[in-house]
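Data first, discussion second: the structure below is written as structure tokens.
Residue numbering restarts at 1 for every chain, and letters A, B, ... go by the order of the sequence lines.
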Amino acid sequence: KNQVEQSPQSLIILEGKNCTLQCNYTVSPFSNLRWYKQDTGRGPVSLTIMTFSENTKSNGRYTATLDADTKQSSLHITASQLSDSASYICVVSLSYNTDKLIFGTGTRLQVFP
Amino acid sequence: EPEVTQTPSHQVTQMGQEVILRCVPISNHLYFYWYRQILGQKVEFLVSFYNNEISEKSEIFDDQFSVERPDGSNFTLKIRSTKLEDSAMYFCASSDQGEEQYFGPGTRLTVT
């Protein structure tokens, strides 16, 4: 079954600290992996998209890694800010049907001053 | 910066009633999507739409659901006879080449 699992479920950190969120997927055949940020009550906003041939991609303070062999990805947030408080969702698409995105349950990140 | 908009932001309806959720995708985009997110759960794909027809739909998207692009700018999701379990946040998304999808702010549907 095509699934995307994320850990931890929730995370609390202090402003200025770094953190790393994990994603494991069983989606096959795999096309690409995306990380989205979702503020409470809002739509997801794309942070990074990686194909199977890419193993790292950055977007400002966000750096995503991908290991297509072990089917794992991580999202590293550097020097966290209060505005980073949100859910971070790992999303995978199938190579034969890139329309249909498969979402993880997300990691709820809270950044405190 | 162009963005996807959705109306209404919150819709309350009684069980059995029909609802239409509206979306205005980004103007030059060609691919359109609807997703739903039940409170506390993951986002789920409902349907994708391209070239005036459905290109893919999930098991959730049964005969009670339909989509339409009536006038070249709006993209609507209709639920014919709402059930309590249809209560969720509904997100519209659009894409220009089927890769990066841009999501709207969502419509919260409450069925009582």
Side-chain angles (χ1 to χ4, degrees), chain A residues 1-10 21-27 29-54 57 59 62 64 86-108, chain B residues 1-7 9-10 21 23-26 29-51 53-61 67 88-110:
Chain A
K1 188 178 177 183
N2 291 315
Q3 284 190 319
V4 179
E5 302 289 339
Q6 291 186 243
S7 63
Q9 191 173 7
S10 62
L21 315 179
Q22 302 292 340
C23 172
N24 297 298
Y25 61 92
T26 58
V27 177
F30 164 85
S31 174
N32 59 57
L33 185 144
R34 310 150 189 239
W35 282 93
Y36 282 88
K37 178 185 179 186
Q38 185 179 23
D39 292 311
T40 302
R42 307 292 296 175
V45 175
S46 178
L47 296 175
T48 62
I49 298 179
M50 291 183 290
T51 65
F52 67 89
S53 61
E54 297 175 286
K57 184 163 276 191
N59 177 2
Y62 302 103
S87 286
Y88 291 84
I89 308 174
C90 177
V91 183
V92 180
S93 69
L94 294 159
S95 64
Y96 59 83
N97 185 357
T98 54
D99 269 358
K100 187 175 176 181
L101 301 182
I102 301 168
F103 285 73
T105 49
T107 291
R108 176 76 187 147
Chain B
E1 186 173 330
E3 58 184 17
V4 176
T5 59
Q6 291 185 242
T7 54
S9 57
H10 191 189
L21 310 183
C23 167
V24 179
I26 294 172
H29 284 187
L30 302 175
Y31 299 81
F32 313 108
Y33 311 86
W34 282 101
Y35 296 85
R36 80 170 186 191
Q37 186 175 31
I38 294 170
L39 187 64
Q41 297 186 24
K42 64 176 75 174
V43 177
E44 299 171 288
F45 170 81
L46 290 178
V47 66
S48 58
F49 191 86
Y50 170 72
N51 201 25
E53 60 182 26
I54 291 173
S55 47
E56 179 72 25
K57 60 183 181 179
S58 72
E59 316 76 54
I60 303 165
F61 195 89
V67 289
M89 196 79 163
Y90 288 81
F91 294 107
C92 171
S94 71
S95 168
D96 58 357
Q97 295 183 30
E99 281 287 326
E100 179 75 76
Q101 293 187 24
Y102 296 84
F103 285 76
T107 291
R108 178 165 298 285
L109 176 66
T110 302

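Looking at Q37(B), the atoms closer than 4.5 Å to chain A (heavy atoms on both sides) all sit in the side chain, from C-beta outward. Heavy atoms closer than 4.5 Å to chain A are found nowhere in Y50(B), neither backbone nor side chain. Heavy atoms of V91(A) lying under 4.5 Å from chain B are absent altogether.
In this structure, W35(A) and N59(A) have side chains that are not in contact, with every pair of non-hydrogen atoms separated by 4.5 Å or more. Looking at heavy atoms from C-beta onward, Q38(A) lies out of side-chain contact with F103(A) at the 4.5 angstrom threshold.
The backbone N or O of F32(B) sits nowhere less than 3.5 Å from a side-chain atom of S94(B) that would complete a donor-acceptor pair.
In this structure, Y88(A) and Y62(A) have tilted ring planes: the angle between them lies in the 30° to 60° band.
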